[in-house]
There are 2 protein chains.
Amino acid sequence: MRILLVEDNPTLGEAVRDQLVDDGHAIDWVQTVREASAGAHTTGYNLVLLDLMLPDGHGLDFLCERRRAGDVTPVIILTARDQVTDRIEGLNAGADDYMVKPFDLDELSARVAAVARRYNGNPNPIMEVGALVVDLSARRICRDGQVVALTAREWALFEGLLYRPGMLLTKGQLEERLYAFGTEIESNTIEVYISRIRKKLGRETIETVRGMGYRLGCS
Amino acid sequence: MRILLVEDNPTLGEAVRDQLVDDGHAIDWVQTVREASAGAHTTGYNLVLLDLMLPDGHGLDFLCERRRAGDVTPVIILTARDQVTDRIEGLNAGADDYMVKPFDLDELSARVAAVARRYNGNPNPIMEVGALVVDLSARRICRDGQVVALTAREWALFEGLLYRPGMLLTKGQLEERLYAFGTEIESNTIEVYISRIRKKLGRETIETVRGMGYRLGCS
DNA sequence: GGCAACCTGACAGTGACCTGAACGGCTCCA
DNA sequence: TGGAGCCGTTCAGGTCACTGTCAGGTTGCC
């Protein structure tokens, strides 16, 4: 998933970024309201993590601006313990969730995953796909009763296909899930991951549509 | 997603088309206001990318015309850096967004994706044509309950006919869908593909209008 | 009948895709 | 501190499905 992180605290920002990268997400990290707005790429994100107290303004201004522009990207607010009114205003302004600093990084992972699921219209965390049982919230896959472990990247890619069962995704769309803006991919990374996932989950799990893309194998 | 691209610059047009095709969209590319008007009301586009300075008129005329006709299809304006007033007028005229040339193709992808997201609420676009059931997002076709696989080229051609049920398309128009500008086709490629599609989907699927072109067999 | 348009089976070249292997960066642990 | 192991990425070689072309056959129109 592609995430915009707006956070001016370097330590926290770095920690959050590392955590979410570990989860297989693509993170763009900016530190000011101006950068966030001027990123102009804003609409290309699946999720925004928004600190409120920023050096050049208030995060809520940014949120309101985006909502007025018709942007419905989910937003999770990161707020200090004592900014209760901010939190309420944030939710009123169209934020989807908030987290109180200091927060547990694993909890952040969980909330991000929850927002992603809700956003993808698939709140049910357990899915069955062919011979696989997939627990989205636990990120666990069982095949013939055996737990199969996917790495972060493998999971990120597989998840993309999983959210839209049967829908065809081009390599470009899959790359978008894995990499932040501006990342140039000049090799066959996607192919390699597809190959590795197939090796773990079974060849039939992912279907190749030559010249078009990939999709989850039906049934 | 179905996108109408109105852009008279061949280089830019081709780049934009390739990028969006990579993202899995279906692009119809025209270069004049006249062609845009002719195409816009015949089919349901989900998005229009509109250049303003066109050889036979101004893009805003087209936009105003569509809005007067009650067409609410989202429009993103493509404009040169110095045409500030155009941009403002564009937004006033009912455009949803604009991009300043030269723009980053990834940014375009992102904005288009944002528009696409608004359509995600809709159920999967499924079309029925005669005995065929066509799942547009999966790019999958069922015939008598059997899944039929089309190759990339076959799909591109079939899609062109599909979006204009009953409407006649010339070989030239079909070639335009399949090949970049300047590509010279000196053989009967289109005929061959028509033949291949018929073999897969049934002879009656595509109707020949001798001396004119082809159209989807209406049942 | 003669011509043009169209259909379709066959075929060779190509490039999209697959996958084993290697490499560098990173973390963990002794 | 250094070694082991994992992960992400790149590379290279091989395979094969798709593509474009052609040739010969069929159909429809004048």
Side-chain angles (χ1 to χ4, degrees), chain A residues 14-15 17-27 105 139 148-161 168-175 177-180 182-215 217, chain B residues 18 21-22 24 139 148-158 161 168-172 174-180 182-215 217:
Chain A
E14 203 160 321
R17 187 186 56 182
D18 292 349
Q19 173 81 12
L20 295 177
V21 165
D22 277 353
D23 290 341
H25 302 296
I27 313 297
L105 286 174
R139 295 201 164 203
V148 181
L150 294 188
T151 69
R153 283 282 202 250
E154 287 165 3
W155 175 267
L157 202 162
F158 184 61
E159 196 181 36
L161 294 166
L168 187 137
L169 295 180
T170 66
K171 280 193 204 175
Q173 288 171 317
L174 291 171
E175 273 174 19
R177 287 190 63 83
L178 300 191
Y179 303 98
T183 313
E184 289 297 324
I185 298 298
E186 308 197 359
S187 70
N188 59 345
T189 309
I190 298 294
E191 290 168 26
V192 173
Y193 279 116
I194 294 282
S195 172
R196 286 180 181 165
I197 294 171
R198 279 177 176 152
K199 202 189 247 179
K200 289 183 177 179
L201 302 182
R203 169 171 297 274
E204 70 288 354
T205 307
I206 299 174
E207 211 176 310
T208 302
V209 186
R210 203 163 236 274
M212 298 204 273
Y214 299 91
R215 69 176 155 224
Chain B
D18 291 349
V21 165
D22 273 355
R139 300 202 181 186
V148 181
L150 293 189
T151 70
R153 284 277 200 260
E154 288 164 4
W155 176 267
L157 203 162
F158 183 63
L161 295 166
L168 186 136
L169 292 182
T170 67
K171 282 190 202 175
L174 292 171
E175 271 174 25
E176 272 178 26
R177 279 192 69 81
L178 299 193
Y179 303 99
T183 312
E184 289 299 322
I185 298 297
E186 309 198 357
S187 70
N188 59 343
T189 309
I190 298 295
E191 289 168 24
V192 173
Y193 276 111
I194 294 283
S195 170
R196 286 175 181 161
I197 294 172
R198 279 177 176 152
K199 198 192 245 178
K200 289 183 176 179
L201 302 183
R203 169 171 297 275
E204 70 288 353
T205 307
I206 299 175
E207 214 175 305
T208 303
V209 184
R210 213 183 159 78
M212 307 279 288
Y214 299 92
R215 70 172 154 231

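Numbered from 1 within each chain, the chains take letters A, B, ... in sequence-line order.
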Next on the checklist: Treating Arg215(B) as the side-chain partner and Val209(B) as the backbone partner, does any N or O pair qualify as donor plus acceptor under 3.5 Å?
Outcome noted: no
OP1, OP2 of dC7(C) versus side-chain N and O of Arg198(B): anything below 4.0 Å? yes
Taking dG20(D), dT19(C), dT8(C) as options, the one with an atom nearest any side-chain atom of Arg196(B) is dG20(D)
* Hey, does the side chain of Arg198(B) reach the backbone of Ile206(B) with a donor-acceptor pair shorter than 3.5 angstrom? -> yes
* Report yes if a side-chain nitrogen or oxygen of Ser195(B) is closer than 4.0 Å to either non-bridging phosphate oxygen (OP1 or OP2) of dC7(C); otherwise report no. => no
Can you find a heavy atom in the side chain of Asp23(A) that is under 4.5 Å from one in the side chain of Arg139(A)? yes
Please determine if a side-chain N or O atom of Thr151(A) lies less than 4.0 Å away from the OP1 or OP2 oxygen of dC6(D).
no
Would you say Tyr179(A) reaches dG8(D)'s phosphate, i.e. side-chain N/O to OP1/OP2 under 4.0 Å?
no
Testing dC16(D), dG28(D), dT19(C) for proximity to the side chain of Arg210(A), the answer is dC16(D)
I want to check one thing: is the phosphate of dT8(C), taken as OP1 and OP2, less than 4.0 Å away from some side-chain N or O of Arg203(B)? yes
Quick note, Thr189(B) side chain, CB onward, closest among dC6(C), dC18(C), dT21(D) is dT21(D)
* Looking at Thr208(B), does any N or O in its side chain come under 4.0 Å of the phosphate oxygens OP1/OP2 on dA5(C)? -> no
Taken to the nearest whole Å, CD/Gln19(A) to P/dC26(C) is 18 Å
note: Leu157(A), atom CG; dG8(D), atom C1'; distance rounded to Å ~ 13 Å
From OH of Tyr193(B) across to P of dC18(D) the rounded distance in Å is 10 Å
When rounded to whole Å, the CG to P distance for the pair Leu150(A) and dC7(D) reads 10 Å
Check: Between Lys171(B) and dC6(C), does any side-chain N or O lie under 4.0 Å from OP1 or OP2?
Finding: yes
Next on the checklist: For a quick check, tell me whether the side chain of Asn188(B) and the base of dT8(C) share a donor-acceptor pair closer than 3.5 Å.
Outcome noted: yes
